Amino acid sequence: EGRPAPRLSYAFPEFRAFVVSLLREMAGYPVDGVCLLYNRRPPFLEFEPPVVEGFRSRFGKDPRELDDHDPRWLAWRATFLTDFMREVRTAMQDVARQQNRTRPLEISAVVMSTEAENRYYGLDLEAWVRDGLVDTLIPYTSVPRLNSALDSWVSPDDAGWFRRITEGTTCRLALNIMPRQLPAEMYF
């Protein structure tokens with residue numbers, strides 16, 4: 001809509017490089033890996049010029065004239081964050097090599113709670129898992145609301161999509177159980 005957004009955008013290579021430089025610095029300390037919090041302050045990119053122009057060049061359409069959930073648009077936007085995850089993986093491999101580590105620096109990602117929500121915000125988790133860009137996926141669940149159909153992890157089937165995309169891969173699935181203040185007996 002032409003209004004400034006209150007966040008920086010992963011659409012720009014310079015911003016991605018800045019974030020990767022911060023992650024490299026953190027990985028220089030005695031840590032086992034890094035964790036990216038994609039559940040905080042989405043969206044991570046919208047209609048910035050590199051995204052719009054790239055889409056227009058590839059598909060011959062202006063994405064601002066499409067439905068927000070157009071599968072071509074969602075897939076295109078996801079390429080930017082997938083590129084970022086590749087850059088993070090390469091950086092973590094470089095740092096581990098420079099430090100002569102015997103184990104790689106792991107990459108964890110806290111992500112949205114559903115397939116549709118992840119896709120909408122440009123998180124192509126299937127590609128991340130398939131391409132070995134993430135070691136642990138942590139789907140973020142919101143605090144359950146009384147009598148809400150939106151409660152997450154009410155049933156183990158609610159995590160089915162995450163189980164399917166990680167099964168038989170090296171990527172671990174760690175379900176985030178919320179709210180954290182519940183007594184143990186409430187989790188069953």
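Source: prediction; values computed, not measured.
- A 4.5 Å side-chain heavy-atom check between P139 and L173 finds at least one atom pair inside the cut-off.
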Practice task
Starting from the C-alpha separation in whole Å, work towards a yes-or-no answer on side-chain contact (heavy atoms from CB on, under 4.5 Å) for L133 and I107.
Solution key: CA-CA 8 Å; L133 305 178; I107 300 170; over 6 Å; no

Can you give me every donor-acceptor pair (side chain of residues 6-14, partner residue at least two apart or in another chain, under 3.5 Å) with its distance?
from : atom 1 : to  : atom 2 : distance (Å)
R7   : NE     : R41 : O      : 3.1
R7   : NE     : P43 : O      : 3.4
S9   : OG     : A11 : N      : 3.0
S9   : OG     : E48 : OE2    : 2.9

Problem - Verdict with supporting geometry, M92 and V34, side-chain contact (heavy atoms from CB on, under 4.5 Å) - result: CA-CA 9 Å; M92 294 304 101; V34 296; 4.0 Å; yes

Practice task
Go through the steps for V110 and L36 under the test side-chain contact (heavy atoms from CB on, under 4.5 Å), then give the verdict.
Solution key: CA-CA 6 Å; V110 179; L36 302 163; over 6 Å; no

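- Under the 4.0 Å criterion applied to side-chain N and carboxylate O atoms, D135 and R89 are assigned as salt-bridge partners.
- Between atom NE2 of residue H69 and atom CG of residue D67 there is a gap of 6.0 Å, rounded to the nearest 0.5 Å.
- If you take CZ on R72 and CZ on F55, they are separated by 5.0 Å, rounding to the nearest 0.5 Å.
- Between the N39 side chain and the V111 main chain, no donor and acceptor come within less than 3.5 Å of each other.
- One finds the CE atom of M112 at 6.0 Å from the OH atom of Y121 (value rounded to the nearest 0.5 Å).
- A distance of 12.5 Å separates CZ in R77 from OG1 in T82, rounded to the nearest 0.5 Å.
- Listed for the S57 side chain is no donor-acceptor partner under 3.5 Å among the backbone atoms of G54.
- Side-chain atoms of D70 do not come within 3.5 Å of backbone N or O of L66 as any donor-acceptor pair.
- Under the salt bridge (Lys or Arg N to Asp or Glu O under 4.0 Å) criterion, R103 pairs with E106, sequence neighbours left out.
- Remark: D131 engages R86 in a salt bridge, criterion side-chain N to carboxylate O under 4.0 Å.
- The side chain to side chain contact (heavy atoms under 4.5 Å, CB included) check on E53 picks up R56, with sequence neighbours excluded.
- Shown here are the ring-ring contact (aromatic ring centres under 6.0 Å, His included) partners of F80, two or more places apart in sequence or in another chain: W76.
- By the salt bridge (Lys or Arg N to Asp or Glu O under 4.0 Å) test, R119 pairs with E115, E126, sequence neighbours left out.
- Considering only residues two or more places apart in sequence or on other chains, N100 meets the side chain to side chain contact (heavy atoms under 4.5 Å, CB included) condition with none of them.
- Aromatic ring centres of Y120 and W73 lie farther apart than the 6.0 Å criterion allows.
- Taking CZ of R16 as the reference point, atom CZ of F44 lies at 14.5 Å (rounded to 0.5 Å).
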Practice task
Go through the steps for F18 and L22 under the test side-chain contact (heavy atoms from CB on, under 4.5 Å), then give the verdict.
Solution key: CA-CA 6 Å; F18 173 70; L22 295 175; 3.6 Å; yes

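- Evaluation of the side chain to side chain contact (heavy atoms under 4.5 Å, CB included) rule for S108 yields C35, T136, I138 as partners, not counting sequence neighbours.
- With sequence neighbours excluded, no residue forms a salt bridge (Lys or Arg N to Asp or Glu O under 4.0 Å) with D124.
- In this structure, CG on L74 lies 11.5 Å from CG on N118, to the nearest 0.5 angstrom.
- Around the CZ atom of R58, the shell of radius 6.0 Å holds no more than 12 heavy atoms that belong to other residues, nucleotides or ligands.
- Partners of R130 according to the salt bridge (Lys or Arg N to Asp or Glu O under 4.0 Å) rule, which considers only residues two or more places apart in sequence or in another chain, do not exist here.
- Among residue pairs with one or both ends in residues 87-116, none qualify as ring-ring contact (aromatic ring centres under 6.0 Å, His included); sequence neighbours excluded.
- For Q93, there are no side chain to side chain donor-acceptor pair (under 3.5 Å) partners at least two apart in sequence or on another chain.
- Ring pair Y38/W128: centre-to-centre distance below 6.0 Å.
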Pairs under 3.5 angstrom only: tabulate donor-acceptor contacts from the side chains of residues 25-33 to other protein residues two or more places apart or in another chain.
none

